[in-house]
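Single-structure report; data block below.
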Amino acid sequence: MPPPCTCPACGGGLLRIGEDVTESPDYVPGRFKIVRHMREAFARRACEQVVQAPAPHHAVPRGRVGPGLLAHIAVEKFDDHLPLYRQAEIYARDGVDLATSTLSGWLGATAATFEAAGRSAAPGGDRRLGRPARR
(Lines give C-alpha, C1' and ligand atoms only; values in the text may rest on other atoms or scores of the structure.)
Protein backbone atom coordinates (compact mmCIF):
# COMPACT_ATOMS: atom_id res chain seq x y z
CA MET A 1 0.00 0.00 0.00
CA PRO A 2 1.54 3.34 -0.99
CA PRO A 3 1.93 5.85 1.82
CA PRO A 4 -0.67 8.60 1.99
CA CYS A 5 0.55 11.98 0.74
CA THR A 6 -1.90 14.33 2.39
CA CYS A 7 -3.77 14.54 5.67
CA PRO A 8 -7.43 13.49 5.31
CA ALA A 9 -8.50 16.16 7.84
CA CYS A 10 -6.70 19.28 6.58
CA GLY A 11 -4.98 18.31 3.30
CA GLY A 12 -1.47 19.14 4.57
CA GLY A 13 1.66 17.01 4.16
CA LEU A 14 2.27 14.01 6.44
CA LEU A 15 5.40 13.02 8.36
CA ARG A 16 6.28 9.32 8.84
CA ILE A 17 6.26 8.51 12.58
CA GLY A 18 6.73 4.73 12.59
CA GLU A 19 5.24 1.44 11.51
CA ASP A 20 3.41 -1.58 12.95
CA VAL A 21 4.44 -5.09 11.98
CA THR A 22 2.08 -8.07 12.18
CA GLU A 23 3.63 -11.51 11.81
CA SER A 24 1.43 -14.49 10.87
CA PRO A 25 2.65 -18.08 10.80
CA ASP A 26 1.54 -19.80 7.61
CA TYR A 27 2.17 -23.06 5.79
CA VAL A 28 2.96 -23.74 2.16
CA PRO A 29 3.20 -27.42 1.20
CA GLY A 30 6.34 -28.80 2.76
CA ARG A 31 7.41 -25.84 4.91
CA PHE A 32 6.37 -23.19 7.40
CA LYS A 33 6.80 -19.48 6.80
CA ILE A 34 6.15 -16.20 8.60
CA VAL A 35 4.23 -13.55 6.68
CA ARG A 36 5.04 -9.99 7.78
CA HIS A 37 2.52 -7.19 7.22
CA MET A 38 4.13 -3.76 7.67
CA ARG A 39 1.84 -0.75 8.15
CA GLU A 40 3.55 2.64 8.18
CA ALA A 41 2.10 5.38 10.37
CA PHE A 42 2.07 9.04 9.36
CA ALA A 43 1.18 12.17 11.30
CA ARG A 44 0.44 15.83 10.72
CA ARG A 45 1.58 18.12 13.55
CA ALA A 46 -0.62 21.04 12.59
CA CYS A 47 -3.91 19.16 13.13
CA GLU A 48 -2.54 16.28 15.28
CA GLN A 49 -3.91 13.70 12.82
CA VAL A 50 -2.42 10.16 12.64
CA VAL A 51 -3.01 8.06 9.51
CA GLN A 52 -2.34 4.33 9.18
CA ALA A 53 -3.65 1.50 7.00
CA PRO A 54 -6.06 -0.89 8.74
CA ALA A 55 -4.67 -4.08 10.28
CA PRO A 56 -4.82 -7.19 8.06
CA HIS A 57 -7.84 -9.46 8.43
CA HIS A 58 -7.25 -12.85 10.05
CA ALA A 59 -9.58 -15.82 9.82
CA VAL A 60 -9.26 -16.48 13.56
CA PRO A 61 -10.31 -13.55 15.77
CA ARG A 62 -7.34 -12.34 17.86
CA GLY A 63 -5.25 -15.04 16.17
CA ARG A 64 -2.55 -14.25 13.70
CA VAL A 65 -2.41 -17.56 11.89
CA GLY A 66 -2.43 -17.73 8.09
CA PRO A 67 -5.13 -19.46 6.03
CA GLY A 68 -2.68 -22.00 4.60
CA LEU A 69 -1.77 -23.28 8.06
CA LEU A 70 -5.43 -23.42 9.12
CA ALA A 71 -6.29 -25.44 6.01
CA HIS A 72 -3.33 -27.76 6.59
CA ILE A 73 -4.34 -28.44 10.21
CA ALA A 74 -7.96 -29.14 9.20
CA VAL A 75 -7.01 -31.47 6.32
CA GLU A 76 -4.57 -33.42 8.49
CA LYS A 77 -7.16 -33.73 11.26
CA PHE A 78 -10.26 -34.64 9.27
CA ASP A 79 -9.00 -36.08 5.97
CA ASP A 80 -5.77 -37.76 7.09
CA HIS A 81 -7.15 -38.67 10.57
CA LEU A 82 -4.08 -37.24 12.30
CA PRO A 83 -4.81 -36.17 15.91
CA LEU A 84 -3.77 -32.70 17.01
CA TYR A 85 -1.19 -33.97 19.50
CA ARG A 86 0.60 -35.81 16.68
CA GLN A 87 0.46 -32.73 14.49
CA ALA A 88 2.04 -30.73 17.33
CA GLU A 89 4.85 -33.32 17.55
CA ILE A 90 5.45 -33.17 13.77
CA TYR A 91 5.53 -29.36 13.82
CA ALA A 92 7.97 -29.42 16.78
CA ARG A 93 10.37 -31.57 14.73
CA ASP A 94 10.29 -28.78 12.12
CA GLY A 95 11.13 -26.22 14.83
CA VAL A 96 7.61 -24.82 15.21
CA ASP A 97 6.33 -25.24 18.77
CA LEU A 98 2.53 -25.14 18.76
CA ALA A 99 0.59 -26.42 21.76
CA THR A 100 -2.27 -28.84 21.17
CA SER A 101 -4.58 -26.33 22.86
CA THR A 102 -3.53 -23.68 20.32
CA LEU A 103 -4.24 -26.03 17.41
CA SER A 104 -7.59 -26.93 18.96
CA GLY A 105 -8.54 -23.28 19.40
CA TRP A 106 -7.61 -22.46 15.81
CA LEU A 107 -9.58 -25.43 14.52
CA GLY A 108 -12.65 -24.45 16.55
CA ALA A 109 -12.44 -20.84 15.34
CA THR A 110 -12.11 -22.07 11.75
CA ALA A 111 -15.21 -24.24 12.16
CA ALA A 112 -17.13 -21.30 13.64
CA THR A 113 -16.10 -19.11 10.69
CA PHE A 114 -17.31 -21.71 8.19
CA GLU A 115 -20.55 -22.21 10.12
CA ALA A 116 -21.24 -18.46 10.08
CA ALA A 117 -20.46 -18.29 6.36
CA GLY A 118 -22.77 -21.25 5.72
CA ARG A 119 -25.60 -19.60 7.62
CA SER A 120 -25.35 -16.42 5.59
CA ALA A 121 -25.03 -18.27 2.26
CA ALA A 122 -28.02 -20.63 2.57
CA PRO A 123 -31.20 -18.65 3.26
CA GLY A 124 -34.27 -20.80 3.91
CA GLY A 125 -32.44 -24.11 3.94
CA ASP A 126 -30.78 -26.40 6.43
CA ARG A 127 -27.85 -24.14 7.18
CA ARG A 128 -25.74 -26.84 8.76
CA LEU A 129 -25.87 -29.21 5.82
CA GLY A 130 -26.51 -26.85 2.92
CA ARG A 131 -29.70 -28.73 1.96
CA PRO A 132 -33.29 -27.52 1.68
CA ALA A 133 -35.28 -27.82 4.90
CA ARG A 134 -37.63 -30.82 5.21
CA ARG A 135 -41.35 -30.11 5.20
Side-chain angles (χ1 to χ4, degrees):
M1 172 179 216
C5 299
T6 59
C7 175
C10 69
L14 294 171
L15 174 68
R16 184 175 184 274
I17 59 171
E19 66 186 16
D20 288 335
V21 178
T22 302
E23 295 183 345
S24 305
D26 207 351
Y27 184 82
V28 290
R31 67 183 179 90
F32 290 92
K33 68 178 183 177
I34 300 293
V35 178
R36 298 183 80 207
H37 299 276
M38 299 179 74
R39 303 179 304 129
E40 294 180 323
F42 296 90
R44 171 105 174 119
R45 287 187 186 187
C47 63
E48 298 181 4
Q49 181 77 19
V50 176
V51 178
Q52 185 175 34
H57 172 73
H58 293 286
V60 175
R62 297 185 324 259
R64 295 187 172 153
V65 61
L69 183 53
L70 290 174
H72 182 70
I73 293 167
V75 167
E76 283 192 333
K77 169 85 172 126
F78 297 112
D79 194 34
D80 298 337
H81 308 288
L82 192 61
L84 294 177
Y85 78 93
R86 286 192 189 155
Q87 290 185 44
E89 291 171 356
I90 292 168
Y91 300 155
R93 285 196 303 263
D94 284 340
V96 179
D97 292 320
L98 294 172
T100 305
S101 61
T102 300
L103 296 175
S104 177
W106 288 348
L107 200 56
T110 302
T113 300
F114 279 119
E115 182 179 10
R119 267 189 260 128
S120 65
D126 185 343
R127 293 179 172 96
R128 291 174 292 144
L129 302 175
R131 297 189 292 228
R134 290 186 182 171
R135 294 186 189 234

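For this chain, numbers begin at 1 and follow the sequence in order.
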*Starting from the C-alpha separation in whole Å, work towards a yes-or-no answer on side chain to side chain contact (heavy atoms under 4.5 Å, CB included) for His58 and Thr22.*
CA-CA 11 Å; His58 293 286; Thr22 302; 3.7 Å; yes

_From Leu98 atom CG to Leu103 atom CG, the distance as rounded to the nearest 0.5 Å_ = 5.5 Å

*asked:* Using 0.5 Å steps for rounding, measure from the CZ atom of Phe42 to the CD atom of Glu19.
replied: 9.5 Å

*Side chain to side chain, Pro56 and Arg39, heavy atoms closer than 4.5 Å*: yes

*Is there side-chain contact between Leu82 and Ile90, with heavy atoms separated by less than 4.5 Å?*
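They are in side-chain contact.
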
State, to 0.1 Å, how close [X] and [Y] come at their nearest heavy-atom pair, and which atoms those are.
X     : Y      : value
Cys47 : Cys7   : SG-SG, 3.4 Å
Val60 : Ala109 : CG1-CB, 3.6 Å
Asp97 : Ala92  : OD1-CB, 3.7 Å
Ile17 : Ala43  : CG2-CB, 3.6 Å
Leu14 : Thr6   : CD1-O, 3.6 Å

*Worked verdict on Thr102 versus Val65 for side chain to side chain contact (heavy atoms under 4.5 Å, CB included)*: CA-CA 10 Å; Thr102 300; Val65 61; over 6 Å; no

Please confirm whether the backbone N or O of [Y] pairs with a side-chain atom of [X], one donor and one acceptor, at under 3.5 Å?
X      : Y      : answer
Glu40  : Arg16  : no
Asp26  : Leu69  : yes
Ser104 : Thr100 : no
Gln49  : Pro8   : no

_The test is side chain to side chain contact (heavy atoms under 4.5 Å, CB included); show your working for Trp106 and Leu84 and say whether it passes._
CA-CA 11 Å; Trp106 288 348; Leu84 294 177; over 6 Å; no

State plainly whether one hydrophobic cluster holds both [X] and [Y], where clusters connect Ile, Leu, Val, Met, Phe, Trp and Tyr through side-chain heavy atoms under 4.5 angstrom apart.
X      : Y     : answer
Phe114 : Phe78 : no
Val96  : Ile73 : yes
Val50  : Val21 : no

_Within 6.0 angstrom of Glu23 CD, more than 12 heavy atoms from elsewhere_ =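 Enclosed.
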
*Do you see a donor-acceptor pair shorter than 3.5 Å between the side chains of Tyr91 and Gln87?*
yes

*Parallel, tilted or perpendicular: which describes the rings of Tyr27 and Phe32, with under 30° parallel and over 60° perpendicular?*
perpendicular

